[in-house]
Amino acid sequence: QVQLVESGGGLVQPGGSLRLSCVASGFPFSIYAMSWYRQGPGKEREWVAGITSVGDTTYADSMKGRFTISRDNAKNTLYLQMNSLKPEDTAVYYCKATKWASAVWGQGTQVTVSS
């Protein structure tokens, strides 16, 4: 069974930090490019960050300097370190695995930033 399972979401106060994880199984994780997306209340799903199979990273402008995407191929795990969180970061966060025409999505984890 091909799966991506996100975890690490929760309620945090503005300015706080959170580390999301995405554990992959059922496919060769190390050769897939990985991405994080998010969808906030009343908004379209948007791309957050990406990392290639060789470790090159890219970020959406609003996340630069605050978020860090990384991967541990030995653990089949993708991470998103989120710092200096703002209320507008509140969303369901999803991980995605991509290789050529193939794509796998996780079910998402809720992040709520509120006082």
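- Hydrophobic clustering (side-chain heavy atoms under 4.5 Å, transitive across Ile, Leu, Val, Met, Phe, Trp, Tyr) keeps Leu20 apart from Tyr94.
- Residues Met82 and Arg66 form no side-chain contact, since every pair of their non-hydrogen atoms from C-beta on lies 4.5 Å or further apart.
- Atom CD of Gln39 is surrounded by more than 12 heavy atoms from other residues, nucleotides or ligands within 6.0 Å.
- Ser21 OG to Lys75 NZ: the interatomic distance, rounded to the nearest 0.5 Å, is 9.5 Å.
- Summarising the geometry of Glu6 relative to Trp36, their closest heavy-atom pair is CG-CZ3, 4.0 Å, with the distance given to 0.1 Å.
- There is a path of hydrophobic side-chain contacts, each under 4.5 Å, that joins Val92 to Trp47.
- Gln110 places a side-chain heavy atom less than 4.5 Å from the side chain of Thr90.
- Residue Tyr37 comes nearest to Val48 through the heavy atom pair C-CG2, 3.8 Å, listed as atom of the first residue, atom of the second, then distance.
- Here the closest non-hydrogen pair linking Val12 and Ser17 is CG1-O, 4.0 Å.
- The two residues Leu80 and Tyr93 come nearest to each other via the heavy atoms CD2-CD2, 4.1 Å.
- Atom-to-atom distance recorded for Leu11:CG and Ser115:OG is 9.5 Å, nearest 0.5 angstrom.
- Side-chain heavy atoms closer than 4.5 Å link hydrophobic residues (I, L, V, M, F, W, Y) into clusters, and following such links, possibly through other members, connects Ile69 to Ile31.
- Salt-bridge annotation for Asp61 and Lys64: present, with a side-chain N of the basic residue lying under 4.0 Å from a carboxylate O of the acidic one.
- By the 6.0 Å and 45° rule, Arg71 does not stack over the aromatic ring of Tyr32.
- The distance from the CG atom of Leu85 to the CZ atom of Phe67 is 5.5 Å, given to the nearest 0.5 Å.
- Scanning all heavy atoms of the two residues, the minimum distance from Gly9 to Thr109 falls at N-OG1, 3.2 Å.
- Here the shortest heavy-atom pairing between Thr57 and Tyr59 reads OG1-CE1, 3.8 Å.
- In the hydrophobic clustering of ILVMFWY residues, with side-chain heavy atoms under 4.5 Å counting as a link, Val23 and Val2 come out apart.
- At a threshold of 4.5 Å between side-chain heavy atoms, the hydrophobic network of Ile, Leu, Val, Met, Phe, Trp and Tyr places Val111 and Tyr79 in two separate groups.
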Margin query: For a side chain to side chain contact (heavy atoms under 4.5 Å, CB included) check, start with the C-alpha distance between Leu4 and Met34, then their side-chain angles and the critical distance, and finish with the verdict.
Written below: CA-CA 11 Å; Leu4 292 174; Met34 300 295 298; 4.1 Å; yes
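- Between the CG atom in Asn76 and the SG atom in Cys22 there is a gap of 10.0 Å [rounded to 0.5 Å].
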